Amino acid sequence: MNPLAISGLINSITSISLGFLVFFKDYKRPINRSYFLMSLSIAFWSFGYWKWQISFEKIDALLWVRVLATGSILIPIFYFYHILTLLGLEDDKKEKRILNLGYILCIIFLIFNLTPLFIKDVLPKLSFKYWPEPGLVYPFFLLTFLGYVIYACFLMIKSLKKLTGLRRSQIKYAILATIIGFGGGATNYPLWYDIPIYPIGNFVVFLYAVILTYAIVRYHLMDIHLVFKKTMTYSISAGLLTGLFIILVLILTRFLSDFTGVNEFKISIISALIIALLFNPLKNRIQTHVDKVFYKTPYDYYATVQKVSHELAATIELKDIYRFIVDTIFTTLKLKSTYLLSAESKYFETIYSRLPKDKPSDENDPPESIIIPPHPPFSKGGMGGFVDKDSELAKFLKNRNDIIIKEELPKIIEQDRADIIAGELTPFKGEAVVPVFIDNKLTSLLILGEKLSGDIFSGEDINLLNTISNQAAIAIKNATLYAEKIHAERLASIGMMAATLAHEIKNPLASIKVFAQLMPERYSDNEFRETFSRVVSDEIQRIDGLVTELLDFSKKTPIITEKVDIPNLLDNTLELFTGRFKKNNIHVIKRYDGPLSVAGNKKRLKQALINIIINSYQAMDYGGTLRVTTTFDNDYVNISIEDNGAGIHKNNIEKIFDPFFTTKQRGAGLGLAISKKITEDHGGKISVSSRVFVGTTFVLSLPSFKEVKWGVMNGTFSSSERQT
């Protein structure tokens, strides 16, 4: 059996099988019925082609050529009818007249097909024993065939400017199928007019039916770029291997038949095995070249998924998560709009959205980011708004738990309900909806507009959106739990602060109250009045000090910078404690590493040191040694204050800088928290290490002084590199 006969059989089986598949998929749709008629005509032509190629007698060959001609006469008119149904133009008056004219011409050509005026004879041409010889009418048929195909392509190309989404992609499939199918079939006709071109394109005719079937039945799983890539790869592979097969058969037939007596059938089997072994390596090599020349992925799926997973895992702020999700989807899929709606009381309310600029000043400008206040009423003008929790969209998502593509809804649910959901998406200009479920509860909606290209959402897009939805659910849940934890800790801090302040203020107030109650009875007692005056003054000062500490900790005040000599600052600070050190038998050892300076506020730095030194000497109730050391390291001045007192328990070491944390009977627990804040306000850091019954070491690391511009410190300032 020659290769062309095999191609005819493959085309026939493929066309009739896929025709029935589409027909029974939904026989009520005009597009499915028109496709079925077209497939029958192609199958009829291909079956006649197969029988003609395997005919041994001239009369049989001529009969089957007339059979295939019957199919070829029907193909253009059924093809045109199919394109009209695909475009929704089957009821257009103008197109109906052209279609009816085609039916009339078909009948005329079918009548002529019974005479030599259509096909004159079959004669030997090239390596073929019988090849058709056209009659006088045949050129008119070819012009009719060509005219209907070209006009159908014109209508499809014209429609691409108006259509979007599914319909646009179906038209792209149809154009691609037309180029491959009719282009391949057209290679049969040069030989009819004695032009010696082998009809190799006949081997790809079956792809016409495959591509169109895919467009009608499974359109949403793959975009046109992927179909093009696969089609191009397999077409080139099939073409090269078919040519190789023919060459092998001719060469092996010539040599093996003459020398070994091996017949043509065995030679064909050997050649087919060789081709089978070569197909996959050749296909892979061709696909690599096709990718380089024709196909560029709009985004790297795996790289995008990895980026999403990494970013969401590292983000704990809800607003940052929302922004990242919307921005990623919007830019990756190149959409016209993206809205994120979060479940509030009675609505899913828009909390963040992305829209392209209406009139961009530059095509490279990034699209606008628009944050919409999370409350009704409904926003108009394409800005989105809210979706009711009892809407059809919300109900459908809760039951289905899957991504919605608007154009696919009529295939999933009844038309009336699909229309309602489409209406709910209209204010957002939404084409797809991605639900986000947390603990089986619908918490967020991502409403996506159409692509800038007008293409449909491909299978890869759907997979990416599902992945982002799942990752977003985990990230939102973790961020929510973290926010709740922070809120609980803040409430606990407020409670601790209230209890501490109440305790610290209540004690001096109690003393003042007692003296105030005794005042009427002992007012004439001079000693009592002196004691009253001293105690009340001390207790009021104690309350005032507590309030001052609280204000120092809470308020944000700019730091007026100056050059601060650290050894001098330490000496002045330690002098304040001379009496207490002597009283508690505390020995001070100082070791300064040169004349080190920092840029900062001398008064506030002194307060930070005082608080730490107080903590140190209070830890040495029975005397001890206080070591104060300075060093310079990597542009930082390190101040170390070390005591050999009671030490800090490991359970408390991480809490000592927390506001209002204290293990002492007196004090508000703000001293070390204030020291930490002052240090960080100066761009430095504070650390502590401690062992129980051994001692504690505090280290303040402050940026060294450089020639700065005097002024307000705000974290960074210009300088020249000169250490003093």
Side-chain angles (χ1 to χ4, degrees), residues 8 11-12 14-16 18-20 22-23 27 30-52 62-122 132-156 174 177-178 181-189 192-193 202 205 208-209 212:
N11 294 337
S12 178
T14 302
S15 297
I16 195 68
L18 296 179
F20 276 109
V22 171
F23 181 74
Y27 65 88
I31 189 173
N32 291 47
R33 295 198 298 269
S34 65
Y35 176 80
F36 177 65
L37 292 173
M38 185 183 62
S39 296
L40 284 182
S41 63
I42 295 174
F44 202 76
W45 172 79
S46 300
F47 183 78
Y49 199 105
W50 171 57
K51 294 294 290 183
W52 155 46
L62 183 59
L63 171 65
W64 288 113
V65 166
R66 295 194 187 281
V67 170
L68 76 86
T70 301
S72 65
I73 291 170
L74 296 173
I75 285 173
I77 196 61
F78 285 150
Y79 166 76
F80 183 67
Y81 174 50
H82 173 64
I83 297 304
L84 291 182
T85 59
L86 186 63
L87 297 175
L89 298 174
E90 65 269 26
D91 295 325
D92 184 89
K93 291 183 179 180
K94 175 188 172 184
E95 309 308 339
K96 260 190 171 183
R97 287 197 295 268
I98 297 174
L99 181 64
N100 291 332
L101 175 63
Y103 287 136
I104 294 170
L105 291 174
C106 270
I107 294 172
I108 294 172
F109 289 136
L110 286 172
I111 293 171
F112 276 112
N113 186 38
L114 302 175
T115 71
L117 291 173
F118 200 78
I119 297 175
K120 185 191 301 183
D121 200 358
V122 287
E133 189 76 10
L136 293 174
V137 178
Y138 201 80
F140 297 100
F141 160 69
L142 288 180
L143 288 174
T144 302
F145 193 120
L146 187 63
Y148 272 89
V149 172
I150 291 176
Y151 184 61
C153 289
F154 167 75
L155 292 177
M156 287 190 289
T178 299
F182 286 98
T187 59
N188 284 282
Y189 292 107
W192 284 56
Y193 291 93
N202 208 65
V205 170
Y208 175 83
L212 273 185

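Computed over heavy atoms, backbone and side chain alike; hydrogens, waters and symmetry mates excluded. Remember, predicted model here, so these are calculated numbers, not experimental data. Here, residue 1 is the first one in the sequence, and each next residue gets the next number.
The environment of Phe140 atom CZ is sparse: at most 12 non-hydrogen atoms of other residues, nucleotides or ligands sit within 6.0 angstrom.
A distance-only check finds no donor-acceptor pair linking the side chain of Thr14 to the backbone of Asn11 [under 3.5 Å].
Leu143 CG to Leu105 CG: the interatomic distance, rounded to the nearest 0.5 Å, is 11.5 Å. Atoms CG and CD1, on Leu87 and Ile31 in that order, are 9.0 Å from each other to the nearest 0.5 Å. Atom-to-atom distance recorded for Phe182:CZ and Leu146:CG is 10.5 Å, nearest 0.5 angstrom. The distance from the CZ atom of Phe36 to the OG atom of Ser41 is 10.5 Å, given to the nearest 0.5 Å.
Closest of all the heavy-atom pairs between Ser46 and Ser12 is CB-N, 3.3 Å. For the residue pair Ser15 and Ile42, the shortest heavy atom distance occurs at OG-CG2, 3.2 Å. Across every non-hydrogen atom of Ser72 and Pro76, the tightest pair is O-CD, 2.9 Å. Contact between Gly8 and Trp50 at its shortest, heavy atoms only, is C-CB, 4.0 Å. Pairing each heavy atom of Val205 with each of Gly185, the nearest pair is CG2-N, 3.6 Å.
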*asked:* Quick one, Tyr81 with Ile77, criterion side-chain contact (heavy atoms from CB on, under 4.5 Å). Give me CA distance, side-chain angles, the key distance, then yes/no.
replied: CA-CA 6 Å; Tyr81 174 50; Ile77 196 61; 5.9 Å; no
*I would like to know whether Tyr79 and Thr178 meet side chain to side chain donor-acceptor pair (under 3.5 Å); could you show each step before the answer?*
CA-CA 9 Å; Tyr79 166 76; Thr178 299; 2.7 Å; yes
*So Tyr49 and Asn188, side-chain contact (heavy atoms from CB on, under 4.5 Å) or not? Walk me through it.*
CA-CA 11 Å; Tyr49 199 105; Asn188 284 282; 2.4 Å; yes
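When side chains are defined from C-beta on, Leu74 does not count as touching Phe44, because their heavy atoms never get closer than 4.5 Å. In this structure, the side chains of Thr85 and Tyr35 stay at 4.5 Å or more apart for every pair of heavy atoms. Phe80 places a side-chain heavy atom less than 4.5 Å from the side chain of Leu155. Using a 4.5 Å heavy-atom threshold, the side chains of Trp192 and Leu142 count as separate. Using a 4.5 Å heavy-atom cutoff, the side chains of Trp45 and Leu68 are in contact. At least one side-chain heavy atom of Pro139 sits less than 4.5 Å from a side-chain heavy atom of Tyr193.
The stretch residues 87-106 participates, sequence neighbours left out, in these side chain to side chain donor-acceptor pair (under 3.5 Å) pairs: Glu95-Tyr151. Sorted pairs that involve residues 33-47 and meet salt bridge (Lys or Arg N to Asp or Glu O under 4.0 Å), not counting sequence neighbours, are lacking altogether. Annotation: side chain to side chain donor-acceptor pair (under 3.5 Å) contacts involving residues 136-149, sequence neighbours excluded, are absent. Residue pairs that meet the salt bridge (Lys or Arg N to Asp or Glu O under 4.0 Å) test with at least one member in residues 133-143, sequence neighbours left out, are Lys125-Glu133.
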Going by atom type alone, with no hydrogens or angles, which donor-acceptor pairs under 3.5 Å involve a side-chain atom of residues 110-119 and a protein atom two or more places apart or on another chain?
{"unit_1": "Asn113", "atom_1": "ND2", "unit_2": "Arg66", "atom_2": "O", "d": "2.9"}
{"unit_1": "Asn113", "atom_1": "ND2", "unit_2": "Thr70", "atom_2": "OG1", "d": "3.1"}
{"unit_1": "Thr115", "atom_1": "OG1", "unit_2": "Phe112", "atom_2": "O", "d": "2.7"}
{"unit_1": "Thr115", "atom_1": "OG1", "unit_2": "Leu117", "atom_2": "N", "d": "3.3"}

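Scored by the ring-ring contact (aromatic ring centres under 6.0 Å, His included) test, Phe109 finds Phe141 as partners (sequence neighbours excluded).
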